[in-house]
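In what follows, every chain begins at residue 1, and chains take the letters A, B, ... in the order their sequences are listed. What you are looking at is a predicted structure, and each value in this text was computed from that prediction instead of being measured.
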2 protein chains.
Amino acid sequence: MKEINPKIRIKDIAIMAGVSEGTVDRVLHERGDVSAKSLEAVNKVLDEIDYTPNLLARSLASKKQYRFVCLFPAHQNADYWHSVDNGFTQAAREFTHYNVHIEKRYFNQYDVLSFVEASNAVFEQKPDAVFIAPIFRKETLDLCEKLTLEEIPFSFIDSLIEEVNFLTYYGQNSFQSGYIAAKLSLGSLPNHAQVLIVRTQRKGAVSNQTLNRYNGFMQFIKDNQLAGHLELISVEIKDNDELANKESIRNIFESNNNIKTVITFNSRVHQLAKHLEELNLTDANLIGYDLLEQNVAYLKKGSISFLIAQRPDKQSYFTVRDMCRELIFRQEIRKINYVPIDILLKENIEDYMHFVE
Amino acid sequence: MKEINPKIRIKDIAIMAGVSEGTVDRVLHERGDVSAKSLEAVNKVLDEIDYTPNLLARSLASKKQYRFVCLFPAHQNADYWHSVDNGFTQAAREFTHYNVHIEKRYFNQYDVLSFVEASNAVFEQKPDAVFIAPIFRKETLDLCEKLTLEEIPFSFIDSLIEEVNFLTYYGQNSFQSGYIAAKLSLGSLPNHAQVLIVRTQRKGAVSNQTLNRYNGFMQFIKDNQLAGHLELISVEIKDNDELANKESIRNIFESNNNIKTVITFNSRVHQLAKHLEELNLTDANLIGYDLLEQNVAYLKKGSISFLIAQRPDKQSYFTVRDMCRELIFRQEIRKINYVPIDILLKENIEDYMHFVE
DNA sequence: TTAACGCCCGTGTCCGCACACGAAAGCAAA
DNA sequence: TTTGCTTTCGTGTGCGGACACGGGCGTTAA
């Protein structure tokens, strides 16, 4: 195997071009103060040799400190944003040697004001980059505008706002993931089977993600003309009243005895699993989203048939990594990154969870 | 967010312990030549402060060169081992700055002798680490024994030999992946449906992977007592005679008109797809393995319903990375790593392929 | 003529660590 | 006390690159 990087250092370039190391440095960093003659000489050498700067040495020598701040919803223990948080933490650990410092700033996703406050505070800091979960569209736009003026790069996570010039976006194609949920759960149902769709009323705005999943789900039904063959039953449950929810479900199952599939488009499927288990309603297939600990537990037990997952921690980690690639390593990056839609069963969840990359 | 690494350098430790930097260095690297007194003093400081060496500076300063060699099957264009190869290449690029040099050595997977030759050559080189695809069990054992004597660490890729002391193993739980294939394809078949299992005769030894997949597949049938409900049809096709293969398939479909599912446990499912397409037999669901370009194409077209995939390139990449973590970064690593079993449909293949990590 | 200024350029120091060399200190034998 | 040897220790140099400082040189204004 041939040597990929034939060890050419600035020193060598300087000799080859017949100039001093300082001059090479100036050319490499476009610091100016270089005569046309030396500029040409150095560029000629740079063209011939493909010089790869030693990134280790570079960031060791560089005194430049990078301050990245992450702006996303506050969260309790084991939910989606908690995973996102973990990803940021991991990135912080990994890139600390490259002089990047990561700061997290949380807001209340049900309270616009908290977002505005947080975003103002972020802006005041004049960080070197910002990562935003754009829950509030308009207010996020405001922030982005200000950042753009100051030439502070920013990336989106979870969802995106197309109009502004962000660096990267990592998130799931939620429409598609709803479509897949349908394909997996409806693909082979007998005629006249009943399908129960459980939707949750939320305090704040309706989450775009769950809406899109629902739309994708319905699209599959349309594409395969299943509307006539299946009976869709929809129920809305509360965010916070588990007793009432359980009761609703009991009622529905009492008046419908052919429910083959139960699906919900958010990550609280473990609550459904719990209710169904307690009500002794274990015949239907249950489908849900996201790898919360409790969801995984029910999946392993068999109460949940499929979980559709994304990788929230990867999303945040890659968001940070790409910013480093842009600012520090000068590498090519992809702007829009749809995270794979992972299909988890009892049989493959184990390996998936263990596989920490 | 608190500072993860409070910037403590050797210099600081030296001051705190009241010794010279050289002494700290000797303690850190266990070079000896340290009095009991200074040893204790330094260790005391090291215990109090959690010192994280700057890996960048470390490998920049270290003159130690690492030579890793990879021993795996030669391959043509777009197959499994080709992906593995790519993973090694990527790792080579990434770790070159840490003074690791990666060399690949191929053998003919149908010819034991070529393996023995290659493995001898590898051993002669006395590399710093070896990565082995243990296709030939006994001969691999021989090599491992010699490596162990010389204290040269080695890792397995693709499959593993339990008896020797390898550093890591990356590969798929192929039994489980067969089980999943069955679950996905047989889960909802009507009574008396026919299932066609296509098996390939190979020139060399039967691949363990495909055998395990088959066993997993059959286990699902047993676990769910499907033997009475389904009719399994098995056909053996040739490695190299596509015309004959096509003919076999035509015959089978002529004498069996209720085939709902066609499955094969190796990666040549695209050939089946081609034949079925040409024979106008597009009713059955086709299931196969691995993300060969052609397989992906047929999946996107809809000729293949599911592909079960692993990530060969990740496997090799992580194998190298983990060796670096062991030898250079002194990090904790996991010995046995089952790669996730990925389930790909037309609907999620796109994002999966784009998601280069 | 000379001081002042701008343009180019070379060199030195430092980043955090590894490693080698040689010096100091301790101790026994002469 | 001097010599010789061993154990222990301090310092200097270099890895590859970033950046600052200051110096040489030509040009222009006083």
What pairs with B/Gln331 under side chain to side chain donor-acceptor pair (under 3.5 Å), at least two apart in sequence or on another chain? B/Arg325
Residues which pass side chain to side chain donor-acceptor pair (under 3.5 Å) with B/Lys146, listed by chain and number, not counting sequence neighbours: B/Asn120
For A/Ser38, what residues pass the side chain to side chain donor-acceptor pair (under 3.5 Å) criterion, not counting sequence neighbours? A/Ser35
Determine whether B/Tyr98 and A/Leu56 satisfy the following criterion, side-chain contact (heavy atoms from CB on, under 4.5 Å), listing intermediate values before the conclusion. CA-CA 9 Å; B/Tyr98 292 96; A/Leu56 308 189; 3.7 Å; yes
List the protein contact pattern of nucleotides 5-21 of chain D with one symbol per nucleotide (5' to 3'): B for base contact, S for sugar-phosphate-only contact, - for none; contact means a heavy-atom distance under 4.0 Å. ---BBBB--BBBBBB--
Taking atom types as modelled, is there a side-chain donor on B/Asp12 or B/Tyr51 under 3.5 Å from an acceptor on the other? no
Taking any atom closer than 4.0 angstrom to a non-hydrogen atom of chain A, what span of DNA chain C does the protein reach, first nucleotide to last? C/dC8 to C/dG16
Restricting to pairs with a member in residues 27-39 of chain A, which pass salt bridge (charged side-chain N to carboxylate O under 4.0 Å, His left out), not counting sequence neighbours? A/Asp25-A/Arg31
Between A/Phe156 and the options A/Phe72, A/Phe131, A/Phe166, A/Tyr169, the ring-ring contact (aromatic ring centres under 6.0 Å, His included) test singles out A/Phe166
